[in-house]
Structures are given as structure tokens and as C-alpha cells.
A.B. asks: 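Can you keep this structure in mind? I'll have questions shortly.
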There are 2 protein chains.
Amino acid sequence: MLERTEWEVVLTLAEELHFGRTAERLHLAPSQVSRVVKSLERRVGAALFVRSSRSVALTSIGARLVRDLAPHVRGIEDAVRNAMESGRSPRGTLRVAFVGAAAGQQLLKAAALFGGRHPGCEVRIHEAQVHDGVPRLLAGEVDVLITVLPVRGVRVGPVLLSEPQLLAVPPRHPLAGRRSVTREVYGDHPVVRLPDTMPEESRLHRVPAETPAGRPVRRGPQGSTFAEILTLVASGQGVFPVGEHAARFYPRPDVSYVPVADAPPVDWAPVWLETNESGALRAFVECAAETAS
Amino acid sequence: MLERTEWEVVLTLAEELHFGRTAERLHLAPSQVSRVVKSLERRVGAALFVRSSRSVALTSIGARLVRDLAPHVRGIEDAVRNAMESGRSPRGTLRVAFVGAAAGQQLLKAAALFGGRHPGCEVRIHEAQVHDGVPRLLAGEVDVLITVLPVRGVRVGPVLLSEPQLLAVPPRHPLAGRRSVTREVYGDHPVVRLPDTMPEESRLHRVPAETPAGRPVRRGPQGSTFAEILTLVASGQGVFPVGEHAARFYPRPDVSYVPVADAPPVDWAPVWLETNESGALRAFVECAAETAS
DNA sequence: ATGTCTTACGGAAGACGTAATAATA
DNA sequence: TATTATTACGTCTTCCGTAAGACAT
């Protein structure tokens with residue numbers, strides 16, 4: 001409808017009322033200004049400026065057009081400028097959630113570094129539970145989630161913490177005295193199930209459907225928060241593989257931990273939706289990576 | 001800042017979420033849509049859309065940009081559309097003034113024709129006096145003025161009425177009995193002066209500074225309305241050259257009219273400021289020309 | 001295998017500057 | 001005569017369609 005050059009020329013010429021100065025301000029040759037104005041006038045079907053070699057004046061139609069155009073042009077410029085700032089520099093507020101105490105500690109360090117580095121951007125911290133971390137991310141309630149990998153359908157940042165797996169068992173459980181176990185024991189003892197609001201891939205990574213030998217894993221009761229899972233373990237309803245930090249962050253007299261020799265490490269990383277990427281988000285992930293190393 | 005194609009593509013793609021359909025709606029090839037989006041994203045410094053070959057989605061930054069952009073783009077389109085309509089088709093209200101009864105009659109006929117032809121446009125009629133017709137036009141109080149030529153610095157429409165000059169004199173004046181007079185008599189009898197708010201050129205056209213023989217014209221008192229001028233004539237303070245119609249429109253027992261043989265005809269025409277030209281104005285002048293012929 | 005976005009390439013349209021011209025005071 | 005807007009002309013950018021490629025379902 002209206003080319004960029006056209007409104008630039010019209011608005012500038014309406015201010016300057018002089019083709020030469022208008023051209024200068026727009027880094028154009030005066031002839032170009034003349035052509036652009038004339039072409040627009042032909043398209044509009046009315047003169048916007050009355051000009052002789054000695055004077056330039058707005059017509060009433062031109063004046064009206066300028067009056068109507070100016071605020072909207074400013075509005076567009078603001079919108080683009082705003083998008084540019086959101087994309088580049090950290091601004092506004094960033095909502096970050098974590099699942100579990102270890103992630104919380106990582107997050108606090110990252111937030112401290114970020115806060116010092118980008119005072120113009122507020123970080124709002126939320127604690128999520130095992131069952132609602134990913135759903136809240138997908139729902140757009142939070143921008144970044146620090147959680148256990150793998151997570152599908154999201155962008156994944158660098159691993160902040162990688163720890164060996166321990167099996168949580170009741171203190172008097174047959175496995176409690178062992179130096180270490182293998183995942184083969186999942187065929188003999190029921191394993192507490194993760195909430196099914198978690199993606200299946202994530203759950204299977206922690207607790208496979210079959211033991212290494214091919215026997216089916218025995219399914220225990222389902223828990224939806226970490227505390228709930230530990231309580232189920234303590235009450236003898238199942239065992240559950242956790243990251244090493246749990247032994248330090250959740251020391252309970254009614255739960256013992258035994259290394260799982262053949263389980264992959266538990267990796268913690270920030271994840272986010274590609275659609276929510278922004279300058280602030282990128283900067284935060286960078287801070288998290290720095291504090292982790 | 002933002003090219004026309006860019007916002008067209010961004011807004012359309014945000015609606016369609018499909019490059020092919022977007023291209024179709026904008027009469028472009030899909031490749032062009034892709035290039036435009038990518039180029040804008042590079043300039044903004046952030047992704048506006050997340051896309052695979054199977055799906056297209058707005059990022060939060062893109063969504064914000066679209067939300068901020070849309071109303072202003074509509075505003076610009078409206079502004080241009082409005083200017084186009086003002087330039088082409090008669091719209092809104094047109095303020096027309098006339099000086100003198102003959103012009104008034106012409107105007108009424110023109111307004112009637114115009115009103116029937118362009119019902120969407122209102123014509124507001126004003127009566128102006130000899131002294132304030134042109135000033136009111138210049139001040140922007142009226143859009144068109146039907147008055148006596150010549151008028152400088154304005155656009156002049158076709159002559160609607162051309163009539164011989166008569167000299168208004170008191171009935172008992174030495175010239176009152178003559179078959180006709182020449183402008184030479186202006187050297188012998190004071191001539192009522194037109195108001196000096198009228199452009200000098202206009203006044204000199206009616207009453208030159210010198211007689212044909214080169215004698216100075218005798219300056220009588222100044223009148224600012226036509227009725228005032230006739231009253232000055234009637235009271236014997238001067239003579240005054242008028243158009244032929246005055247004998248019919250202003251018949252007074254105390255004023256007689258004698259043809260002025262060597263005076264140019266009095267021409268009546270619509271005049272207007274070039275800065276106020278519009279579709280309505282052009283249409284009105286056309287109607288006036290038609291009713292005159 | 002199909003539908004869809006992206007990249008490479010080449011041609012054509014149009015934007016632009018220079019210089020000459022016209023118009024005004 | 002000096003200043004300024006406009007037109008003519010040639011160049012060069014960049015816009016854009018075609019076709020091939022990449023990718024996901």
C-alpha cells in the first residue's frame with residue numbers, strides 16, 4: 001500500500017518544506033524526493049504538496065494525510081525497536097522454574113550472576129514438581145525450566161550437572177546392604193513410577209520397560225512429587241533410582257541409597273521452548289552454564 | 001525502518017501460518033516469503049517464526065510484534081485510503097462563497113446540479129462582501145469563491161459569466177443622460193474606490209490608475225460592500241463601474257447606469273487555493289461550468 | 001513419498017545519482 | 001542571477017520467479 005520510502009519522504013518533506021534538506025536527511029538525491037512525491041501523488045490521485053521552485057506547501061489533503069500517518073509510523077517504529085531489544089538485550093522479566101533441590105541450587109547461582117550482569121531484567125523463580133515441570137513450560141507459564149534430561153520437543157541448554165544414579169530403598173530392604181546394584185534388580189523389586197504427565201521418553205530413560213536381561217520391570221505405585229516418591233520408597237512400596245545429590249539434599253532415616261552401576265548418569269540442564277527464545281533467555285542460559293563449570 | 005513487503009508478509013504469515021498460502025495471498029512466490037521473513041529476522045536479531053517443513057508458529061517476540069504492528073498498519077491503510085477518496089470522489093463538506101447577486105445566482109444553480117449528482121457531499125454556501133471575499137479564501141474559511149476576475153495567486157476556473165461594464169452614476173449627474181461613456185471620464189469625476197483588502201491588481205483592472213489619455217483617475221471615497229458603494233454613488237460622492245447585471249439586480253431610483261464603451265468585460269469565475277484542491281472541489285467547478293453554458 | 005520450507009541462480013524491474021532544464025523571485 | 005524543483009538518461013542494486021535441495025511426516 002505505502003512504501004517505506006514514501007512515508008519517510010512525505011513526513012520529512014512536510015517538516016522541512018524543502019526538497020534539498022529532505023533529501024539530505026534521508027540520504028537521497030533531491031531528484032529522488034521529487035520522483036517519490038510525484039509517484040505517490042499519482043497513486044493517491046491528489047496533490048499532497050504545492051510547490052514552485054521557490055516554495056513548498058502542504059495541500060489540505062497532504063496535511064491531513066501527514067496528520068493521520070505520523071502517529072502510526074511512530075507506532076510501527078516503536079514496535080520494531082521493541083522487538084529488536086527483546087531479541088538482543090535482556091529486558092522485562094524472565095520466569096525460570098526448577099525441579100528438585102539440586103536444580104534449585106544451580107538456579108540460584110545462575111540467577112545471582114544474571115542479576116548482577118543484567119540489572120534491567122527481573123528473574124522470577126518458581127519451584128516445579130516432577131509432574132508439572134514440563135507441562136508448565138509447554139503451557140507458557142515459565143520461560144525456562146531446569147530439569148532432568150532427556151526432554152523432547154524443546155530446546156536444551158548445556159548440561160549443568162551430571163551425577164551417577166543411586167537406588168533409593170528402605171533401610172531394611174534386601175538391597176540396602178549391597179555395595180552396588182544393576183538395573184537387573186528392577187525385575188525383582190517394584191519400581192515407583194514417575195507421573196505420566198512426564199513425557200514417556202523421559203520416564204523410560206530413568207526406568208526402562210525391561211531389565212538388561214529382557215525381563216519386564218515390575219511396576220510399583222505412582223508418585224507425583226519427589227517427596228511423595230521418597231515416602232513411597234520409605235514405606236516399602238517400591239524402589240526408585242535418583243541422582244546422587246538426593247543422598248545429600250534429602251537425607252532421611254527411612255531411606256538408604258545404593259549405587260546403580262549400569263545406569264547412565266542423571267543430567268540436569270535448562271530447557272525452553274524455541275518460541276520463547278529471547279535475549280534475556282539466552283543470557284540466562286549462558287550464566288547458568290558459567291556457574292556450572 | 002520496515003518495508004511495506006515486510007509487514008505485509010509478517011502479518012499475513014501470522015494469520016496463515018503457512019508460507020504457500022501467504023505467498024498466494026500476496027501474489028508472491030513462497031521463496032520470496034521465506035527470504036523476506038529471514039531478512040527481517042536478521043535485522044530484528046530474533047526469530048519471529050519457528051518453522052519446520054511441517055509447521056509454522058509464532059515466537060513470543062513475533063507474536064508481540066504482530067500485535068503491536070497490526071493496528072498501526074491498518075491506520076496507515078486507512079489514512080491513505082481516505083486521502084485517495086478525498087482526492088478523487090466528492091466527500092465531506094465543501095464551503096463555497098460568492099460575491100454579489102449575479103455570482104449568487106450562478107452558485108445556486110451549480111449547487112443544485114452538484115447536490116443531485118453527489119449526494120454524499122454537502123455544500124455550505126456563504127455570502128462574501130467585496131472586501132472580504134479573497135481574504136476569507138486565503139484564510140482557509142472557504143474552499144471556493146465565485147468572484148470577479150482577475151485574482152492573483154489562486155487557481156481560476158472557467159468564466160461563468162462575462163458582461164459589459166456600466167457606470168453607476170446619480171440620476172442627475174452630468175453623465176446620466178449619455179448614451180455611453182469612456183474611461184476618460186474617470187479623470188473628471190471621482191471614482192469610488194474598492195476596499196484595499198482586495199488585491200491591487202484586481203482593483204486596477206476595474207479602475208485603472210490613469211485614463212486612456214494618461215490623466216490621473218480622480219479618487220473618490222472607499223466602500224467596502226457593494227451596497228455601500230452604491231450608496232456613495234447615490235449620494236453623489238463618486239461614480240463606479242459595475243457589471244451589467246447590477247442594473248437588474250440592484251435597481252435603485254437614486255442610481256442610473258451608463259455603458260462604459262472602452263472597458264473590458266467583467267468576468268465572473270470560481271477561484272480557489274491550489275492547496276485546497278480536492279475531488280469535491282473539482283466536481284463543483286465542473287458543475288458550475290456546465291450550468292453557465 | 002509427499003508436502004513444505006529454503007537456497008542457488010539468473011533475469012528484469014525499479015530505484016537512484018548525475019547532469020541538464022525549467023521556473024521563480 | 002541565484003536558488004530550487006523537475007526531467008532525461010544510464011547504471012546498478014535488489015527484488016523476485018524458477019528450479020533444485022533439504023527436511024519432516
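Just so it is clear, the structure is predicted and the values come from calculations on it, not from any experiment. A, B, ... follow the sequence lines: proteins, then strands. Residue 1 opens every chain.
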A.B. asks: When the distance from CD of B:Glu6 to C1' of D:dC15 is rounded to whole Å, what number comes out?
C.D. replies: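 The distance from CD of B:Glu6 to C1' of D:dC15 comes to 12 Å, rounded to the nearest Å.
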A.B. asks: Starting at CD of B:Glu274 and ending at P of C:dA23, how long is that distance when rounded to a whole Å?
C.D. replies: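 Atom-to-atom, B:Glu274 to C:dA23, this comes out as 14 Å.
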A.B. asks: A:Arg21 CZ to D:dA5 C1': how many Å, rounded?
C.D. replies: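 From A:Arg21 CZ to D:dA5 C1': 13 Å.
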A.B. asks: Check the side chains of A:Glu277 and A:Trp272 for a donor-acceptor pair under 3.5 angstrom, ignoring hydrogens and angles.
C.D. replies: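 Judged by distance alone, the side chains do pair up.
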A.B. asks: Round to a whole Å and report the spacing from CZ of B:Arg54 to P of D:dT25.
C.D. replies: 8 Å
A.B. asks: How close do B:Val142 and B:Leu137 get, counting heavy atoms only, and between which atoms?
C.D. replies: O-CD1, 3.6 Å
A.B. asks: Rounded to 10°, tell me the angle between the two end axes of the helix from C:dA1-D:dT25 to C:dA25-D:dT1, each built from five pairs.
C.D. replies: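 Its terminal axes enclose an angle near 30°.
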A.B. asks: Could you please name the option among D:dA24, C:dA25, C:dC5 that lies closest to any side-chain atom of B:Arg51?
C.D. replies: C:dC5
A.B. asks: It should be established whether A:Lys38 places a side-chain nitrogen or oxygen under 4.0 Å from OP1 or OP2 of nucleotide D:dA5.
C.D. replies: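 For D:dA5, neither OP1 nor OP2 has a side-chain N or O of A:Lys38 closer than 4.0 Å.
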A.B. asks: So that I can tick it off, tell me whether B:Arg206 and B:Glu200 are bridged by a salt bridge, with the cut-off set at under 4.0 angstrom between side-chain N and carboxylate O.
C.D. replies: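 Between B:Arg206 and B:Glu200 there is no salt bridge, as every charged N stays at least 4.0 Å from the carboxylate O atoms.
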A.B. asks: Considering only heavy atoms from C-beta outward, does the side chain of A:Glu24 approach that of A:Pro30 to under 4.5 Å?
C.D. replies: no
A.B. asks: Figure out the CG/P separation between B:Leu17 and C:dC5, and round it to whole Å.
C.D. replies: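 Roughly 10 Å, once rounded to whole Å.
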A.B. asks: Can you give one letter per nucleotide of nucleotides 10-21 of chain C, going 5' to 3': B for a protein heavy atom under 4.0 Å from the base, S for sugar-phosphate only, - for none?
C.D. replies: -----SBBB---
A.B. asks: Examine C:dT6: is either OP1 or OP2 under 4.0 Å from a nitrogen or oxygen in the side chain of B:Ser34? Give yes or no.
C.D. replies: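 For C:dT6, OP1 or OP2 has a side-chain N or O of B:Ser34 closer than 4.0 Å.
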A.B. asks: Report yes or no: does A:Asp267 contribute a side-chain atom to a donor-acceptor pair with the main-chain N or O of A:Leu149 at less than 3.5 Å?
C.D. replies: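 Between the backbone of A:Leu149 and the side chain of A:Asp267 there is no qualifying donor-acceptor contact (under 3.5 Å).
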A.B. asks: Could you check whether A:Val56 gets within reach of a base, just the sugar-phosphate, or nothing at all, counting any heavy atom under 4.0 Å?
C.D. replies: sugar-phosphate
A.B. asks: Are the side chains of B:Cys121 and B:Arg91 in contact, using a 4.5 Å heavy-atom criterion?
C.D. replies: no
A.B. asks: Starting at CD of A:Glu41 and ending at P of D:dA5, how long is that distance when rounded to a whole Å?
C.D. replies: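 After rounding, the gap between these two atoms is 14 Å.
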A.B. asks: Should B:Arg282 and B:Glu286 count as an ion pair when the cut-off is N to O under 4.0 Å?
C.D. replies: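 The answer is no: the pair does not qualify as a salt bridge.
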A.B. asks: Between the side-chain atoms of A:Ser53 and the base atoms of D:dA5, is any donor-acceptor pair under 3.5 Å?
C.D. replies: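 When only heavy-atom distances are counted, A:Ser53 does not reach the base of D:dA5 through any donor-acceptor pair under 3.5 Å.
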A.B. asks: Roughly, in whole Å, what's the span from NE2 in A:His18 to P in D:dT4?
C.D. replies: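 Computing the A:His18:NE2 to D:dT4:P distance gives 4 Å.
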A.B. asks: Using distance alone, with no hydrogens and no angle criterion, decide if B:Arg155 and B:Asn276 have a side-chain donor and acceptor under 3.5 Å apart.
C.D. replies: no
A.B. asks: Rounded to the nearest Å, what distance is computed from the CZ atom of residue A:Phe19 to the C1' atom of nucleotide C:dA22?
C.D. replies: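 That distance rounds to 15 Å.
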A.B. asks: Taking for each residue the nucleotide of DNA chain C with the nearest heavy atom, is it B:Ser52 or A:Ser52 whose nucleotide lies nearer the 5' end?
C.D. replies: B:Ser52
A.B. asks: Please report the C-alpha distance between A:Val36 and A:Glu8 in whole Å, then the side-chain angles of each, then the deciding distance to 0.1 Å, and finally whether the side chain to side chain contact (heavy atoms under 4.5 Å, CB included) criterion is met.
C.D. replies: CA-CA 10 Å; A:Val36 168; A:Glu8 278 184 345; over 6 Å; no
